[in-house]
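A quick write-up on the structure given underneath.
Values below: all heavy atoms of this structure, side chains included; hydrogens, waters and symmetry mates excluded. So that the names make sense, note that chain A is the first sequence line, chain B the second, and so on, each numbered from 1.
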Amino acid sequence: MENLMEELLWRGLIQNQVPGLKNKLNQSTTIYSGLDPTSDSLHLGNLLPIIVLIHLQKKGHKSIILIGGATGYIGDPSGKKNKRILLDKEVLNKNAISIEKQIHHLLNFFSEKIEIVNNKNWMKNTNFVEFIHYVGIHFSINYMLSKESVKNRIENKKNGISFMEFSYSLIQGFDFFYLNKTRKCEIQIGGSDQWGNIITGIDLIKKKTGKKTYGFTFPLITKSNGIKFGKSEKGENIWINSNKTSPYKFYQFWINISDNEIEKYIKIYSFLNPKTIENLIQNHRKEPSKRILQKNLAYEMTRWIHGETKSKKIIEITSILFEKNHRIIHILNEKIFDTIYENIPHACLSKKEFNKGYFLTDFLKKIGFFSSKKKADFAIKNQSISINKKNVKKNFLIKKENIIGNKYILFQFGKKNFFIVKIF
RNA sequence: GGGGAGAUACUCAAGUUAGGUUAACGAGGACAGACUGUAAAUCUGUUGGCUUUGCCUUCGCAGGUUCGAAUCCUGCUCUCCCCA
């Protein structure tokens, strides 16, 4: 446990810390982090607290994950320039249930059991007057106004802050107090935007009980282009749920991380031990074109989230899809095509429909690979379309000969966009 | 309550003062091509739709004037600023 703090620092998982944290981490204690059920799935952003809690638990601490059924109902103003869209209780409950399932799934992988609590269970019977008296008495308005999250919104006349959001940090502060009282929880962790809320909890516990508690935050991870990490180029979140982000896409996300960022991310996201990571980094630097770090991280993450079998399959089809020799594709068996079909964007078309005869541009639009014929047309002109790995030079009528494996046609746009059509 | 400014494509932002080469300058982003390693950087192209030498739809919304309107007129909605 002595090295825990150093390891967390080495991994880049500590941005800000309460003094004395290091000593506290040297003895077994209880740590919690909360996440509000604003969606029915976790994404790479809110996976981070869970990763850190697992690290801590593995080193002998007890971790608690708090699902914010109550706080989600209020909406955390931290890190938000504008008002949040409010979710009603039913949605929050549904989200909480499916997130809890996901968390169990994530923990099973490590055979770790982490307690999951929901703050609606202790907030639902709270009386407003009692709460304000019990908690509000300890916080001056001056103190609350000085919080970064509040300050920003007060200066912003257009999107002022509601009293409800203003009170958010008191509820989160109370959560920490409650967990300290009932579960001897002494450390709260969160993303860097949670610093203010964590301090509120620490202050509340101090004032109520005189006990000293701790906290730390991890950095807000942004990519070099300024986009929040964990979002795709289009700004979509990369979700844990395979219906929202396909395992193939998930794998590709990691594979595509650039060299100058991959070292940082493998430290943050993978559970490989530091020595292994250092070795991989050395090897990667020798031959960056092998993409050792990207492949390792992509594999580690995909097998954690989507399982060993699935990730092996994805690696297999990835190597086929990105194979430079276009002849390879013609000697594959049907089973592999079936696997490809299941894992990448696809469409199916009846033989009857196919036999009507389509020009490539119309076909691409029809199957949904391109949203408009013009775009498809332009792509062909640019020679960025391939059929069955073979570059298309100009628009032509799709024929039977284009079907391979007896029932599939593989389309490719650019280097990394694939689409497969099944003719049945 | 009084006065002023504005609303243009994914975003920012020209054009509006004399109405017509304006699908709408430019920048960013995004996508593609070349080079590579499914990297970065760089250079090039694209960035409303279609039955593509042409047609249709688009400059806050609804009307009007005109052969013709993002540009002029009327009404409406919304946003911002200043003074009370």
Side-chain angles (χ1 to χ4, degrees), chain A residues 81-83 155-160 222-229 231-238 245-266 280-299 301-302 311 314-326 328-329 340 343-345 356-366 368-387 389-397 410-420:
Chain A
K81 281 187 195 129
N82 303 317
K83 281 175 202 157
E155 283 160 12
N156 182 348
K157 284 190 185 168
K158 195 172 169 184
N159 289 293
T222 48
K223 300 205 281 182
S224 49
N225 59 9
I227 295 179
K228 223 175 173 179
F229 181 78
K231 300 207 178 213
S232 71
E233 304 296 339
K234 285 169 197 150
E236 302 161 323
N237 279 318
I238 301 293
T245 301
S246 76
Y248 173 80
K249 199 173 168 192
F250 183 86
Y251 181 84
Q252 288 296 323
F253 171 79
W254 299 102
I255 281 289
N256 277 303
I257 294 174
S258 67
D259 284 353
N260 48 23
E261 294 175 305
I262 189 69
E263 291 184 15
K264 187 165 108 194
Y265 293 132
I266 197 163
L280 289 171
I281 289 176
Q282 289 315 316
N283 289 333
H284 181 266
R285 284 185 185 165
K286 273 182 221 155
E287 277 183 288
S289 65
K290 282 193 171 170
R291 310 170 71 81
I292 292 169
L293 289 174
Q294 283 91 340
K295 282 178 184 166
N296 270 281
L297 183 56
Y299 172 59
M301 292 307 291
T302 311
S311 52
I314 287 167
I315 291 170
E316 190 189 0
I317 67 166
T318 294
S319 71
I320 293 167
L321 292 175
F322 287 91
E323 168 65 49
K324 295 239 156 53
N325 183 349
H326 65 82
I328 298 283
I329 195 109
I340 294 174
N343 283 291
I344 67 171
K356 281 184 185 170
Y358 284 96
F359 272 98
L360 180 57
T361 41
D362 298 292
F363 200 78
L364 291 171
K365 166 90 194 292
K366 183 173 177 64
F369 192 19
F370 280 79
S371 63
S372 84
K373 213 177 131 177
K374 191 182 177 186
K375 283 176 184 158
D377 194 48
F378 178 69
I380 294 168
K381 278 203 185 98
N382 248 336
Q383 305 212 4
S384 36
I385 300 280
S386 295
I387 293 183
K389 297 295 292 177
K390 208 161 178 187
N391 193 254
V392 174
K393 301 270 185 262
K394 59 178 187 197
N395 203 4
F396 71 103
L397 193 69
L410 179 71
F411 293 95
Q412 181 176 1
F413 170 53
K415 216 176 254 183
K416 33 194 163 182
N417 305 296
F418 295 93
F419 196 100
I420 191 163

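Distances shown here put every side-chain N or O of A/K290 at or beyond 4.0 Å from the OP1 or OP2 atom of B/U38. Proximity of A/K365 to the phosphate of B/C50: a side-chain N or O atom is located under 4.0 Å from OP1 or OP2. Between A/N417 and B/A32 there is a side-chain N or O to OP1 or OP2 distance below 4.0 Å.
When Watson-Crick and G-U wobble pairs are counted only if both distances are under 3.5 Å, B/C50 pairs with B/G54. Pairing partner, B/A24: none, since no Watson-Crick or wobble contact has both distances short of 3.5 Å. A 3.5 Å limit on both hydrogen-bonding distances identifies B/A7 as the Watson-Crick or G-U partner of B/U77. Base pairing of B/G1: its partner is B/C83, meeting the Watson-Crick or G-U wobble criterion (both donor-acceptor distances under 3.5 Å). Across all strands shown, B/U38 has no partner, as no Watson-Crick or G-U wobble contact with both distances under 3.5 Å is found. Partner assigned to B/C59 is none, using Watson-Crick or G-U wobble distances below 3.5 angstrom. Across all strands shown, B/A18 has no partner, as no Watson-Crick or G-U wobble contact with both distances under 3.5 Å is found.
Rounded to a whole Å, the CD1 atom of A/I314 is 19 Å from the P atom of B/U38. Rounded to whole Å, the distance from CD on A/E263 to P on B/A39 is 18 Å. As a whole-Å value, the separation of A/Q412 CD from B/G33 P is 9 Å. As a whole-Å value, the separation of A/I317 CD1 from B/U38 P is 17 Å. When rounded to the nearest whole Å, the span between CZ of A/R291 and C1' of B/U38 equals 5 Å. Across the protein-nucleic acid pair, A/N382 atom CG and B/C43 atom P stand 18 Å apart, rounded to whole Å. A/Q252 places its CD atom 17 Å from the P atom of B/G37, with the value rounded to the nearest Å. We find that CD of A/E261 is positioned 16 Å from C1' of B/G37, with the value rounded to whole Å.
A/F413 has its ring centre less than 6.0 Å from the ring centre of A/F370.
Counting any heavy atom pair closer than 4.0 Å across all strands shown, A/K324 reaches sugar-phosphate atoms only and no base atom. Base engagement by A/D259 is indicated by at least one non-hydrogen atom pair under 4.0 Å involving a base atom.
Taking the C1' atoms as reference points, B/G19 lies 11 Å from B/A70, given to the whole Å. For B/G63 and B/U77, the C1' atoms lie 15 Å apart once the distance is rounded to whole Å. Spacing between B/A27 and B/U42 at atom P, rounded to whole Å, works out to 15 Å. Taking atom C1' on both nucleotides, B/A69 is separated from B/G64 by 12 Å, rounded to a whole Å. B/C72 and B/G2 have their P atoms separated by 26 Å, with the value rounded to a whole Å. Of the P atoms belonging to B/A7 and B/U16, the separation is 12 Å, rounded to the nearest Å. Only the P atoms considered, B/A13 is 28 Å distant from B/G3, to the nearest whole Å. Here the separation of B/G60 from B/A41, taken at their P atoms, is 36 Å to the nearest Å.
The A/S258 side chain lies nearest to B/A40 when the options are B/A32, B/U38, B/A40.
Residues of residues 368-377 of chain A that place a heavy atom closer than 4.0 Å to RNA chain B, in numerical order, are A/S372, A/K373, A/K374, A/K375. Residues of residues 281-289 of chain A having a heavy atom closer than 4.0 Å to RNA chain B, listed by number: A/P288, A/S289.
Looking at A/T302, its side chain never comes within 3.5 Å of a backbone N or O of A/Y299 through a donor-acceptor pair.
Using bins of under 30°, 30° to 60° and over 60° for the plane-to-plane angle, the ring pair A/F411/A/F363 lands in the tilted bin.
From A/N395, atom CG reaches atom CD1 of A/I380 across 4.5 Å, with rounding to the nearest 0.5 Å. From A/Y358, atom OH reaches atom CG of A/L364 across 12.5 Å, with rounding to the nearest 0.5 Å. Atom CD1 of A/I314 and atom CD1 of A/I344 lie 11.5 Å apart (nearest 0.5 Å). Taken from CG in A/N417 to CZ in A/F369, the straight-line distance is 5.5 Å, to the nearest 0.5 Å. Put simply, CD1 on A/I257 and CZ on A/R291 are 10.0 Å apart, with the number rounded to the nearest 0.5 Å. A/I281 CD1 to A/N296 CG: the interatomic distance, rounded to the nearest 0.5 Å, is 11.0 Å.
Anti is the conformation of B/A70, whose glycosidic angle sits further than 90° from 0.
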Could you go step by step and tell me if A/L297 and A/L280 meet the side chain to side chain contact (heavy atoms under 4.5 Å, CB included) rule?
CA-CA 10 Å; A/L297 183 56; A/L280 289 171; over 6 Å; no

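Donor-acceptor pairing under 3.5 Å is lacking for the side chains of A/D377 and A/T361.
Of the options A/Q294, A/K295, A/K290, a side-chain contact (heavy atoms from CB on, under 4.5 Å) to A/H284 is made by A/Q294 and by none of the others.
Position along RNA chain B of the nearest nucleotide to A/A379 versus A/S319 favours A/A379 as the more 5'-ward residue. For the pair A/T318 and A/Q383, both in contact range of RNA chain B, the more 5′-proximal nearest nucleotide belongs to A/Q383.
For A/Q294 and B/U38, a side-chain-to-base donor-acceptor distance below 3.5 Å is absent, hydrogens and geometry of angles not being considered.
A stacked arrangement is not assigned to A/F378 and the six-membered base ring of B/U46, the conditions of a centre distance below 5.5 Å and an interplanar angle below 30° not being jointly met.
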